[in-house]
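In the text below, chain A, chain B and the rest are named by the order of the sequence lines, each starting its count at 1. Treat the numbers as computed from the prediction; the structure is a model and nothing was measured.
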Number of protein chains: 2
Amino acid sequence: MSRVNKSQYAILGLLSKRPMSGYDMKRLLDRMSGFYWSESNAQLYPVLKKLAQENKVTSALDPASGARNRIIYTITNAGLDFLKEWLLQPVDRACYREEMILKVSLGHNINKKELMRHLKDYSDDLQAQKKQRDKVQRHIETDHVGRDDQLYLMMTYDFSEKVIDAKLAWCEETLKKLETA
Amino acid sequence: MSRVNKSQYAILGLLSKRPMSGYDMKRLLDRMSGFYWSESNAQLYPVLKKLAQENKVTSALDPASGARNRIIYTITNAGLDFLKEWLLQPVDRACYREEMILKVSLGHNINKKELMRHLKDYSDDLQAQKKQRDKVQRHIETDHVGRDDQLYLMMTYDFSEKVIDAKLAWCEETLKKLETA
DNA sequence: CGTGTCATGTAATCAGTTACATGATTCA
DNA sequence: TGAATCATGTAACTGATTACATGACACG
């Protein structure tokens with residue numbers, strides 16, 4: 001169960017909210033779910049086709065898109081059942097590779113200065129993530145009122161807030177240690 | 001640069017500390033680095049062979065192992081240079097898929113009770129990780145004194161402590177929210 | 001009229017996984 | 001003597017990535 005295609009569940013999950021196109025999904029994932037999920041186009045489109053073949057989604061050309069041939073996908077009952085079944089399965093252990101931490105653990109091989117530069121870059125990246133996260137969270141707070149997924153989305157953003165802050169605190173602390181060491 | 005074989009760097013990193021066998025590496029990774037890195041045997045052994053072919057490591061049968069044919073790998077200067085070069089490269093963005101959080105974000109599709117069960121399991125798993133982490137950290141504090149990698153190992157364990165605690169706090173908070181919602 | 005966004009895809013590649021195989025040694 | 005650990009590996013598969021390709025439309 002641990003090496004099945006997970007993209008399909010993320011896709012069905014998006015479609016469980018509302019019908020949309022592959023392009024919509026990519027945009028949503030990039031802008032809103034970057035903290036915990038991502039997909040590449042090369043995965044997204046073939047998986048959508050596969051899901052359509054399996055009758056887990058239906059597809060229809062959006063007439064409003066004209067010659068752009070925008071395809072709107074809609075989840076079917078079978079697709080929803082399939083998604084719900086997965087949602088009930090035990091969660092696979094996540095994220096087993098953290099490159100930044102591997103590099104820190106091997107810090108004895110490089111100059112302190114270089115390691116500190118990595119930490120600063122990492123910290124900057126986290127700050128940017130935090131900013132983006134805050135923006136999305138405010139958006140959810142205001143625009144998703146009354147929607148049945150608002151509560152759950154807020155929870156995911158609480159998660160990323162706590163984790164990002166913990167990592168930032170670690171960066172600061174570690175940089176101080178390296179300065180004085 | 002972002003889709004090259006990262007296992008080789010983890011392996012060279014271990015060998016930058018001391019010569020050891022593939023089995024040693026697997027054991028070390030499982031017991032000590034589970035929070036930020038893992039390898040499977042099916043990746044470990046072929047990569048070791050590749051590194052030997054490229055003269056980044058040398059291999060020698062451990063005569064003390066008798067018929068078990070334990071192979072001790074030692075990093076070469078070329079291997080060390082290769083590792084250091086990578087250590088200086090910018091760090092790749094980590095961990096882009098957190099299955100637990102994907103499931104929470106799709107919580108509107110399942111019963112609150114089921115979601116709470118996931119959260120409890122997740123929390124239990126984190127508690128176990130924390131316990132294991134504490135054990136390893138104590139081990140590093142006492143047994144690595146004076147070693148040039150002690151400082152850096154302590155930093156990695158500080159990281160996992162902060163992150164695990166943040167996730168645990170989120171679990172507790174989120175469970176409370178779900179109870180009252 | 002050119003740049004950016006909308007929109008869907010394919011080709012080539014490979015990193016990494018699961019499952020399996022094999023045999024020695026230790027120790028209760 | 002049988003289970004656990006030590007120790008090294010292979011086969012088969014596939015999920016996912018990078019890079020590339022194509023064309024419509026909006027806009028300034």
Peer 1: Just N and O in the side chain of A:Ser40: are any of them under 4.0 Å from OP1 or OP2 of D:dT17?
Peer 2: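 Yes, within the criterion.
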Peer 1: Nearest-Å distance, CG (B:Leu48) to P (D:dT10)?
Peer 2: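 Those two atoms, CG and P, are 12 Å apart.
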Peer 1: Any side-chain donor paired with an acceptor under 3.5 Å for B:Ser21 and B:Arg27?
Peer 2: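 B:Ser21 vs B:Arg27: no donor-acceptor pair found between side chains.
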Peer 1: Do the side-chain N or O atoms of A:Tyr45 get closer than 4.0 angstrom to the phosphate oxygens (OP1, OP2) of C:dT8?
Peer 2: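 Yes, because at least one side-chain N or O of A:Tyr45 sits under 4.0 Å from OP1 or OP2 of C:dT8.
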Peer 1: Let me spell it out: for each of A:Glu39 and B:Arg27, pick the nucleotide of DNA chain D with the closest heavy atom. Which residue's pick is nearer the 5' end?
Peer 2: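 Taking each residue's closest nucleotide, the earlier one in sequence belongs to B:Arg27.
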Peer 1: Has A:Ser7 got a side-chain N or O lying under 4.0 Å from the OP1 or OP2 atom of D:dA16?
Peer 2: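 Yes, within the criterion.
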Peer 1: Rounding to an integer number of Å, can you tell me how far B:Gln43 CD sits from C:dC20 C1'?
Peer 2: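 Atom CD in B:Gln43 sits about 17 Å away from atom C1' in C:dC20.
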Peer 1: Restricting both atoms to N or O, compile the protein contacts to nucleotides 24-28 of chain C shorter than 3.5 Å, with distance only.
Peer 2:
unit_1: C:dT25; atom_1: O4'; unit_2: B:Arg68; atom_2: NE; d: 3.2
unit_1: C:dT25; atom_1: O4'; unit_2: B:Arg68; atom_2: NH2; d: 2.9
unit_1: C:dT25; atom_1: O3'; unit_2: B:Arg68; atom_2: NH2; d: 3.4

Peer 1: Whole angstrom is fine here: how far is it from NZ in B:Lys50 over to P in C:dA15?
Peer 2: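 Answer to the nearest Å: 7 Å.
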Peer 1: Rounded to the nearest angstrom, tell me the gap between atom CG in A:Asn5 and atom P in C:dT18.
Peer 2: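 A:Asn5 atom CG is separated from C:dT18 atom P by 15 Å.
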Peer 1: Ignoring hydrogens and angles, state whether a donor on the side chain of B:Arg133 or B:Thr156 is under 3.5 Å from an acceptor on the partner side chain.
Peer 2: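 Judged by distance alone, the side chains do not pair up.
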Peer 1: Using side chain to side chain contact (heavy atoms under 4.5 Å, CB included) as the criterion, point out the one residue from A:Leu87, A:Val4, A:Val47 that pairs with A:Tyr9.
Peer 2: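 Exactly one candidate clears the test, A:Val4.
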